[in-house]
Amino acid sequence: MRLIPPTTRLHRSYLGGVDEFAGARRDGDGLWQWVEDGVTHEINREEMESEDGFARFVARRTDPDRDLLPGWVPCTFFWMEQDGEYAGSLALRHELNEFLAAEGGHIGYSVRPSARRRGHATEALRQSLPHARALGLDRVLVTCDETNIASARTIEANGGVLAKTVEAASDGRLVRHYWIAL
């Protein structure tokens with residue numbers, strides 16, 4: 001498994017992966033939106049299906065100077081690639097805002113359902129840590145739901161130390177806070 005920047009080469013595979021989530025939350029994949037000249041633009045599925053629309057999506061997703069949605073922080077997006085197929089997404093947030101400090105952390109990720117239980121999340125998190133260090137971070141916050149034992153194991157396998165468990169203000173679920181020293 002390789003952690004790579006989003007690419008048009010994985011167009012069909014990415015959309016197939018999104019379909020597998022069947023509307024469930026895709027941590028680390030961001031929203032299908034972008035900001036230009038202060039205006040938020042939604043990207044719909046029809047646009048994502050077209051080669052030109054998908055190319056615009058990838059270009060914006062990989063542009064380090066892109067405008068941000070209000071209240072959002074700079075973020076580097078990665079995709080997990082296994083044997084030429086999209087296996088999942090990872091977002092490396094360069095700093096924490098109030099929401100990320102409480103629920104989201106510096107790094108969020110998700111693996112498409114058909115690619116789970118193969119170590120992709122553990123390897124993607126491992127590969128993301130040098131990128132976080134290159135941003136000047138000396139440690140990263142990685143969170144997971146209290147009930148997500150697989151994600152807790154992924155974080156712990158990468159040196160995550162449980163700091164606390166908090167109740168999410170957004171929906172009351174319990175969220176584990178792990179710190180990984182870089």
Side-chain angles (χ1 to χ4, degrees), residues 1-7 10 13-14 17-18 20-31 61-62 64 68-69 71-83 85-182:
M1 193 288 303
R2 296 182 320 138
L3 198 61
I4 63 170
T7 174
L10 297 180
S13 185
Y14 172 81
V18 167
E20 285 183 23
F21 281 93
R25 190 173 77 200
R26 297 185 324 271
D27 293 328
D29 196 34
L31 300 176
R61 190 55 59 98
T62 57
L68 300 173
L69 294 165
W72 288 50
V73 302
C75 177
T76 302
F77 290 100
F78 295 96
W79 287 351
M80 301 171 209
E81 180 186 27
Q82 177 67 45
D83 298 327
E85 296 292 321
Y86 168 83
S89 295
L90 182 141
L92 171 57
R93 296 133 188 157
H94 302 188
E95 59 193 66
L96 298 175
N97 60 20
E98 186 177 333
F99 170 78
L100 295 173
E103 295 184 39
H106 284 101
I107 299 172
Y109 52 84
S110 59
V111 176
R112 74 188 287 175
S114 66
R116 291 181 181 158
R117 301 193 191 323
R118 297 182 196 163
H120 295 324
T122 301
E123 181 60 16
L125 181 55
R126 185 191 70 74
Q127 289 183 32
S128 74
L129 298 177
H131 295 281
R133 193 175 308 112
L135 292 171
L137 299 173
D138 58 359
R139 66 183 189 151
V140 291
L141 175 65
V142 186
T143 67
C144 69
D145 289 353
E146 174 75 15
T147 58
N148 191 341
I149 301 307
S151 192
R153 287 185 182 141
T154 290
I155 299 165
E156 291 167 357
N158 278 283
V161 175
L162 182 63
K164 62 184 175 181
T165 301
V166 301
E167 184 175 326
S170 63
D171 58 13
R173 65 190 155 79
L174 295 178
V175 179
R176 291 181 179 193
H177 283 219
Y178 288 90
W179 286 99
I180 300 176
L182 303 175

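Looking at every heavy atom in both residues, L68 comes nearest to P74 through CD1-N, 3.6 Å. Closest non-hydrogen pair, L96 versus V73, comes out as C-CG1, 4.5 Å. Looking at every heavy atom in both residues, G71 comes nearest to N97 through O-ND2, 2.9 Å. Residues S128 and L90 come closest through the heavy atom pair CB-CD2, 3.8 Å. Between V140 and A132 the shortest heavy-atom distance is CG1-CB, 3.7 Å. Minimum interatomic distance between L3 and A124 (heavy atoms only, all atoms of both residues): CD2-O, 3.5 Å.
Using a 4.5 Å heavy-atom threshold, the side chains of T7 and T62 count as separate. L10 places a side-chain heavy atom less than 4.5 Å from the side chain of I4. At least one side-chain heavy atom of W72 sits under 4.5 Å from a side-chain heavy atom of L31. Contact check for T143 versus V175: side-chain heavy atoms found under the 4.5 Å cut-off. Looking at heavy atoms from C-beta onward, M80 lies out of side-chain contact with Y86 at the 4.5 angstrom threshold.
Among residue pairs with one or both ends in residues 153-163, those qualifying as side-chain hydrogen bond (donor to acceptor under 3.5 Å, both in side chains) are T122-T154, E156-Y178; sequence neighbours excluded. The list of ring-ring contact (aromatic ring centres under 6.0 Å, His included) pairs with a residue in residues 138-159, not counting sequence neighbours, is empty. Applying the ring-ring contact (aromatic ring centres under 6.0 Å, His included) test to residues at least two apart or on different chains, none of the pairs has a partner in residues 137-159. Here ring-ring contact (aromatic ring centres under 6.0 Å, His included) pairs that include residues 98-156, with residues two or more places apart or in two chains, are F78-H131. Sorted by first and then second residue, the salt bridge (charged side-chain N to carboxylate O under 4.0 Å, His left out) pairs involving residues 166-182 (not counting sequence neighbours) are E103-R173, D145-R173, E146-R176, D171-R173.
Rounded to the nearest 0.5 Å, atoms CG (L141) and CZ (R93) are 9.5 Å apart. Distance check, rounded to the nearest 0.5 Å: CZ of F21 to OG of S89 gives 7.0 Å. Separation of atoms CD (E123) and CD (Q82) is listed at 10.0 Å; rounding is to 0.5 Å. Taken to the nearest 0.5 Å, the CZ atom of R26 stands 7.5 Å off from the OG atom of S110. To the nearest 0.5 Å, the span separating CD1 on I107 from CD1 on I180 amounts to 6.0 Å. Between the CG atom of L162 and the NE2 atom of H177 there is a distance of 9.5 Å, given to the nearest 0.5 Å.
Tested against M1 for a side-chain contact (heavy atoms from CB on, under 4.5 Å), the candidates Q127, R118, R126 yield a single pass: Q127.
In this structure, D29 pairs ionically with R61, as a charged nitrogen and a carboxylate oxygen lie closer than 4.0 Å.
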Q. V166 and L174: side chain to side chain contact (heavy atoms under 4.5 Å, CB included), yes or no, with the steps?
A. CA-CA 6 Å; V166 301; L174 295 178; over 6 Å; no
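Partners of D27 by salt bridge (charged side-chain N to carboxylate O under 4.0 Å, His left out), not counting sequence neighbours, listed by chain and number: R25.
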